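Shown next, in structure tokens, is the structure this report addresses.
Proteins get letters first, then strands, A, B, ... in listed order; numbering begins at 1 in each. Here the structure is a predicted model, which means the values were calculated and not measured.
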There are 2 protein chains.
Amino acid sequence: MNADAQFHETFLRRAVELSRRSLDTGEGGPFGAVLVRNGEVLAEGWNRVIAANDPTAHAEVLAIREACRAQSAFRLDGSVLYASCEPCPMCLAAAYWAGVERIYYANTRDEAAAIGFCDAELYRELALPGEARRVPARRIALDGAFEPMELWAAIPGRVLY
Amino acid sequence: MNADAQFHETFLRRAVELSRRSLDTGEGGPFGAVLVRNGEVLAEGWNRVIAANDPTAHAEVLAIREACRAQSAFRLDGSVLYASCEPCPMCLAAAYWAGVERIYYANTRDEAAAIGFCDAELYRELALPGEARRVPARRIALDGAFEPMELWAAIPGRVLY
């Protein structure tokens with residue numbers, strides 16, 4: 001195994017180790033994540049959906065939120081996300097919004113499906129038109145709805161994210 | 001306009017109203033959301049990415065987290081999400097995880113793109129194989145990585161989410 005692969009495997013093994021937490025604590029599902037930048041761990045996370053009463057408290061989201069808190073930043077450009085299992089669409093999109101550069105994972109969305117999680121289904125749902133989804137999304141056109149967006153876009157020096 | 005359409009439009013107008021907050025406060029982008037169940041507002045949210053240093057602090061995610069906190073629940077089954085703009089994949093998947101039943105929105109992902117947000121691109125990216133994405137996701141198979149998931153699935157009476 002070359003040095004690069006060993007480097008990634010070290011952090012990925014840590015993410016898998018974190019996925020064991022829920023077995024003892026019942027805090028959430030068996031998922032762990034580690035965020036790394038320049039070889040330094042920025043934050044670790046493990047699923048806490050049940051303990052936190054927060055359906056967004058997936059390992060990856062918590063690691064991103066914690067790293068941003070620690071860095072006082074809403075972007076983590078150049079960071080690498082290691083996840084014990086392929087991120088669900090929520091976590092994957094969160095990684096994009098955070099400026100994560102690359103993702104490594106061990107288990108797959110199909111392995112998550114095998115133990116009852118809907119990650120694979122979510123990927124299929126998101127590719128459908130809104131009205132065809134299990135959770136239908138319908139547009140209602142409203143007069144004036146776009147105005148706040150236009151006004152925002154016209155703010156000089158607005159902060160982009 | 002029938003009563004049903006008027007009902008939805010009332011909450012959607014509120015979501016649009018919330019999308020104006022960032023124009024004054026600079027807390028985040030011009031996006032608002034309202035979560036409703038049985039005609040009752042469970043929570044409201046507006047984008048706070050910048051103020052909170054949290055790339056996941058989208059209007060919809062904050063409304064879901066706040067409603068769950070208020071209900072001491074990690075599911076909001078039967079709730080309806082009203083969003084000033086079509087939810088991004090992170091927010092859409094969060095709605096699935098939360099058990100949201102239906103979504104209504106006013107502005108579209110293309111209108112978000114027109115003012116510089118990457119929602120539409122995110123939908124395209126999520127549909128690609130991991131290695132082909134702008135943020136590449138690569139699987140590294142690790143011995144023993146699936147074991148925590150198997151052990152979790154074997155826990156009698158484990159809490160599903």
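When hydrophobic clusters are built by joining Ile, Leu, Val, Met, Phe, Trp and Tyr residues whose side-chain heavy atoms come closer than 4.5 Å, directly or via intermediates, B:Ile103 is not grouped with A:Leu142. Hydrophobic clustering of Ile, Leu, Val, Met, Phe, Trp and Tyr side chains at less than 4.5 Å, counting indirect connections, unites B:Val41 with B:Trp46. A continuous path of Ile, Leu, Val, Met, Phe, Trp and Tyr side chains, each step under 4.5 Å between heavy atoms, connects A:Leu76 with A:Val159, placing both in one hydrophobic cluster.
Among A:Leu12, A:Val16, A:Ile115, A:Val135, the residue making the largest number of heavy-atom pairs under 4.5 Å with chain B is A:Val135. In terms of heavy-atom pairs under 4.5 Å with chain B, the best-connected choice from A:Ala114, A:Ala112, A:Ala106, A:Ala83 is A:Ala106. Ranked by heavy-atom pairs under 4.5 Å with chain B, the list A:Ala141, A:Ala127, A:Ser72 is led by A:Ser72. When the candidates B:Arg13, B:Glu17, B:Gln71 are compared by the number of heavy-atom contacts under 4.5 Å with chain A, B:Arg13 comes out ahead. Of all the listed residues (A:Val100, A:Leu126, A:Leu151, A:Leu81), the one sharing the greatest number of non-hydrogen pairs under 4.5 Å with chain B is A:Leu126. In terms of non-hydrogen atom pairs under 4.5 Å with chain A, the most contact-rich of B:Gly130, B:Ser84, B:Cys88 is B:Cys88. Ranked by heavy-atom pairs under 4.5 Å with chain B, the first of A:Gly116, A:Ser22, A:Pro89 is A:Pro89. Ranking A:Ser19, A:Ala73, A:Ala93, A:Ala153 against chain B, the residue ahead of the rest is A:Ala73, based on heavy-atom pairs under 4.5 Å. The most heavy-atom pairs under 4.5 Å with chain A, out of B:Ala95, B:Ala154, B:Ala94, come from B:Ala94.
Using a 4.5 Å cut-off between heavy atoms, A:Tyr123 touches chain B through its side chain atoms alone. Proximity to chain A involves both the backbone and the side chain of B:Ile50, based on heavy atoms less than 4.5 angstrom apart. B:Ala15 does not touch chain A: none of its heavy atoms, backbone or side chain, sits under 4.5 Å away. Only the side chain of B:Cys85 comes within less than 4.5 Å of a heavy atom in chain A; its backbone stays farther off. At a 4.5 Å heavy-atom cutoff, the contact between B:Arg109 and chain A is made by side-chain atoms alone. Both the backbone and the side chain of B:Ile140 come within less than 4.5 Å of a heavy atom in chain A. Heavy atoms of B:Arg75 lying under 4.5 Å from chain A are absent altogether.
A salt bridge links A:Glu111 with B:Arg139: the closest approach of a Lys/Arg side-chain nitrogen to an acidic carboxylate oxygen falls below 4.0 angstrom. A salt bridge does not link A:Arg124 to A:Glu121: none of the charged side-chain nitrogens sits closer than 4.0 Å to a carboxylate oxygen.
A donor-acceptor contact shorter than 3.5 Å is absent between the side chain of A:Glu27 and the backbone of A:Ala51. A:Asn107 contributes a side-chain N or O that, together with a main-chain N or O of B:Ala145, makes up a donor-acceptor pair within less than 3.5 Å. No donor-acceptor distance shorter than 3.5 angstrom exists from the side chain of B:Arg102 to the backbone of B:Val80, with no hydrogens or angles considered.
Looking at residues two or more places apart in sequence or on another chain, you find a ring pair (Phe, Tyr, Trp, His ring centres under 6.0 Å) between A:Tyr82 and A:His8, A:Phe11, A:Tyr104.
The line from CZ of B:Arg138 to CD of A:Glu86 is 14.0 Å long, rounded to the nearest 0.5 Å. Summarising the geometry, atom CG belonging to B:Asp119 is positioned 13.5 Å from atom OH belonging to A:Tyr96; distances are rounded to the nearest 0.5 Å. Separating the CZ atom in B:Arg134 from the CG atom in B:Leu128 is a distance of 11.0 Å, to the nearest 0.5 Å. Between the CD atom of B:Glu9 and the CG atom of B:Asp4 there is a distance of 12.0 Å, given to the nearest 0.5 Å.
Enclosure of atom CG in B:Asp77 by more than 12 non-hydrogen atoms of other residues, nucleotides or ligands within 6.0 angstrom is indicated.
Within residues 56-68 of chain A, the residues approaching chain B closer than 4.5 Å by heavy atoms are, in numerical order, A:Thr56, A:His58, A:Val61, A:Ile64, A:Arg65, A:Cys68. Among the residues in residues 29-38 of chain A, those with a non-hydrogen atom closer than 4.5 angstrom to a non-hydrogen atom of chain B are A:Gly29, A:Pro30, A:Phe31.
Counting only residues at least two apart or in different chains, side chain to side chain donor-acceptor pair (under 3.5 Å) contacts with residues 144-161 of chain A comprise A:Glu147-B:Arg20, A:Tyr161-B:Asn47.
When every heavy atom of A:Pro136 is checked against every heavy atom of B:Glu101, the shortest pair comes out as CD-O, 3.5 Å. The two residues A:Arg21 and A:Arg14 come nearest to each other via the heavy atoms NH2-NH2, 3.8 Å.
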